[in-house]
Structures are given as C-alpha cells and as structure tokens.
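The structure appears right after this line, and notes come after that.
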Amino acid sequence: MEETGKSRLEQQLAFLMEIDKMKSVSRRTMLTDLSRRETDAEHSWHIALMALLLAEYAGPEVDVNRVIRMALVHDLVEIYAGDTFAYDSQGKETQRSREEEAAGRLFALLPGGQGDELRALWEEFDARETADAQFAAAVDRLQPFLNNCVTGGFTWKEGGVRSPQVYERLDLVRQAAPQVWPAVERRIQACLEKGELEK
C-alpha cells in the first residue's frame with residue numbers, strides 16, 4: 001500500500017480516470033473538416049502517431065519510443081492549467097507557473113516512482129534540451145501548422161498571426177527534422193499566395 005492508503009493499482013486507475021478530462025480541454029486548432037476545435041487528447045494522440053510515422057526524419061540519436069511517451073504526457077497538465085494558444089503573448093506570461101502547479105497536483109496522483117517518471121518526461125519535453133525533446137516539440141508544432149494549412153489558415157486568421165511568427169514557431173522543425181523543412185516551407189509559401197497567412 002502507498003502512503004495515501006490506496007494500492008498502486010488504485011492510484012493508477014484514479015489517475016487514468018482523472019486524465020479523461022483531457023478530452024474536454026479545447027485547443028484553438030480546428031479539425032480539418034472545420035466542424036469543431038480539437039481537444040488536448042486528440043492533439044496528443046495525433047502527435048504521438050506523427051512521431052511514429054515521421055521517425056525516419058529524426059536524428060539517429062533520437063529514441064522515438066521516448067518521443068511518443070513525451071507526446072502522450074506533454075499536455076496532461078492542461079487538465080488544470082488550460083491550453084495556452086501558441087501565439088498568445090499575454091497567456092505565455094503565466095503559463096509556466098500555471099503548468100508547474102498543475103504538474104505538482106496531477107503527477108502526485110500516481111505512485112511515487114511512476115509520477116516522478118512522467119513528470120520528468122514532461123519537464124524534459126518542456127526544456128527542449130535533449131534530441132528526443134526537440135523532435136517531440138518539432139512534431140508538436142508541426143501538427144497545428146498542418147491543420148492551419150488544410151483549414152485555410154483558420155486559427156492564424158482568428159489570432160492575427162503573421163508569417164514571421166509562423167517561421168519563428170516552426171524553426172524547431174527546421175532544426176530537429178531538417179528533411180521535413182522543405183515541405184513546411186512549400187506550405188507556408190502556398191498559404192501566403194492564397195492569402196491564408198498574412199506576410
């Protein structure tokens with residue numbers, strides 16, 4: 001039995017039920033059919049699958065299994081902290097403190113070693129200092145970008161986002177997955193030409 005009086009299994013099951021709340025955390029990104037905004041759970045699933053499929057474009061030092069694990073846990077804290085739009089400078093001011101507090105609360109639900117392990121993955125992703133974290137973060141940034149390209153720049157237009165901001169945000173893709181970068185640049189240029197992204 002753990003200190004809380006709950007067995008390891010009961011703690012794990014309680015955590016799994018708590019993270020069901022991810023399915024209700026809305027993001028700014030629209031689904032490609034424009035029917036609604038995606039949820040954090042959908043986003044995390046999508047980038048985990050993207051990491052799996054795009055693994056061949058990661059550097060040889062990247063452990064794709066760790067990247068997938070990071071993809072699955074990187075937004076769990078948003079259950080309590082909420083999603084912060086990538087281009088929301090005001091929201092970014094409090095994002096770190098909100099997410100740190102949420103991490104403490106959420107990962108404490110798990111048995112000690114397991115909670116520490118998931119928190120360490122979350123922190124590594126956030127720091128973007130390792131090759132694994134950089135590739136995970138690159139895929140995390142690529143996913144909403146691709147959705148914007150398919151939805152006529154929906155969230156870019158809504159947020160008044162301009163091309164220099166998109167280039168800055170996606171520079172991590174250029175660094176962590178350079179073979180993918182030409183496809184990104186082609187899409188940016190196409191969006192500019194179609195008026196879906198402002199210069």
Side-chain angles (χ1 to χ4, degrees), residues 19 22 27-29 32 38-78 81 83-89 92 95-96 99-100 102-103 106-107 110 113-151 153 155-156 161-192 197:
I19 65 170
M22 271 191 92
R27 295 171 48 82
R28 294 286 292 269
T29 305
T32 56
E38 74 176 354
T39 68
D40 265 359
E42 291 165 330
H43 167 71
S44 295
W45 160 81
H46 205 173
I47 71 164
L49 193 53
M50 287 175 72
L52 177 65
L53 294 178
L54 301 177
E56 64 197 85
Y57 305 107
E61 69 282 8
V62 172
D63 179 344
V64 174
N65 287 328
R66 288 191 80 250
V67 171
I68 291 169
R69 293 172 71 202
M70 279 184 211
L72 293 172
V73 304
H74 83 287
D75 276 343
L76 287 177
V77 296
E78 293 183 4
D83 178 59
T84 303
F85 181 46
Y87 301 100
D88 177 3
S89 55
K92 295 276 184 199
Q95 181 179 10
R96 186 70 193 165
E99 290 186 352
E100 282 285 345
L106 182 67
F107 296 123
L110 282 166
Q114 203 166 39
D116 294 343
E117 180 186 346
L118 291 192
R119 181 167 185 151
L121 280 171
W122 172 73
E123 288 175 349
E124 182 181 346
F125 175 91
D126 222 39
R128 294 190 301 276
E129 292 173 353
T130 65
D132 292 349
Q134 288 166 4
F135 187 70
V139 176
D140 178 50
R141 292 175 181 201
L142 184 61
Q143 187 263 344
F145 166 75
L146 293 174
N147 278 54
N148 263 299
C149 293
V150 173
T151 60
T155 54
W156 291 332
V161 176
R162 303 179 81 80
S163 62
Q165 294 168 281
V166 173
Y167 272 109
E168 182 182 349
R169 178 99 181 134
L170 293 174
D171 193 56
L172 194 55
V173 177
R174 183 186 61 76
Q175 295 173 45
Q179 291 175 288
V180 176
W181 184 247
V184 169
E185 266 201 313
R186 282 194 303 274
R187 283 166 172 77
I188 292 173
Q189 289 307 312
C191 290
L192 285 166
L197 176 62

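Quick note: residue numbers are just sequence positions, from 1. Not measured: the values here are computed from a predicted model.
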K92 and F85, any side-chain heavy atoms less than 4.5 Å apart: no
Closest approach of L192 to S163 (non-hydrogen atoms, all atoms of both residues): CD2-CB, 3.9 Å
Separation of E38 CD from T29 OG1 (nearest 0.5 Å): 4.5 Å
Side chains of V62 and V67 in contact at under 4.5 Å (non-hydrogen atoms): yes
Sidechain-backbone polar pair: Q165 side chain, R162 backbone, donor-acceptor under 3.5 Å: yes
Over all atoms of both residues, closest heavy-atom pair of A55 and V64: CB-CG2, 3.4 Å
Check: N65 main-chain N/O paired with R69 side-chain donor or acceptor under 3.5 Å: no
Aromatic F107 / basic R119 pairing, under 6.0 angstrom, 45° off normal: no
Side-chain touch R169/V161, heavy atoms, less than 4.5 angstrom: no
Neighbour count >12 (heavy atoms, 6.0 Å) for atom OH, Y57: no
Inter-residue atom distance D132.CG - E124.CD, 0.5 Å rounding: 6.0 Å
Closest non-hydrogen atom pair, V184 against F145: O-CZ, 3.6 Å
Heavy-atom donor-acceptor pair, N148 side chain to T155 backbone, under 3.5 Å: yes
Spacing of CZ belonging to R141 relative to CG belonging to L170, to within rounding of 0.5 Å: 8.0 Å
Validation row: L76, W122 side chains within 4.5 angstrom (heavy atoms): no
Reported CD-to-CZ distance for the pair E185 and R174, which is rounded to 0.5 angstrom: 9.5 Å
Side chain proximity check, D83 to H43, heavy atoms < 4.5 angstrom: no
Heavy-atom pair with the smallest gap, counting every atom of I47 and A71: CG1-CB, 3.6 Å
Distance in Å, I19 CD1 paired with L106 CG, rounded so as to fall on 0.5 Å steps: 7.5 Å
Atom pair CZ/CG of F135 and L142 - distance to nearest 0.5 Å: 9.0 Å
Heavy-atom pair with the smallest gap, counting every atom of C191 and C149: SG-SG, 3.7 Å
Heavy-atom side-chain contact between F125 and D140 under 4.5 Å: yes
Note, M22 side chain near T39 side chain (heavy atom, < 4.5 Å): no
Test item: Q134 and Q175 side chains (from C-beta on) under 4.5 Å apart, heavy atoms: no
Intermediate values then yes/no, salt bridge (Lys or Arg N to Asp or Glu O under 4.0 Å), R28 and D88: CA-CA 11 Å; R28 294 286 292 269; D88 177 3; over 6 Å; no
More than 12 heavy atoms of other groups within 6.0 Å of E61 CD: yes
For the student: nearest non-hydrogen atoms of A138 and A176, plus distance: CB-CB, 3.9 Å
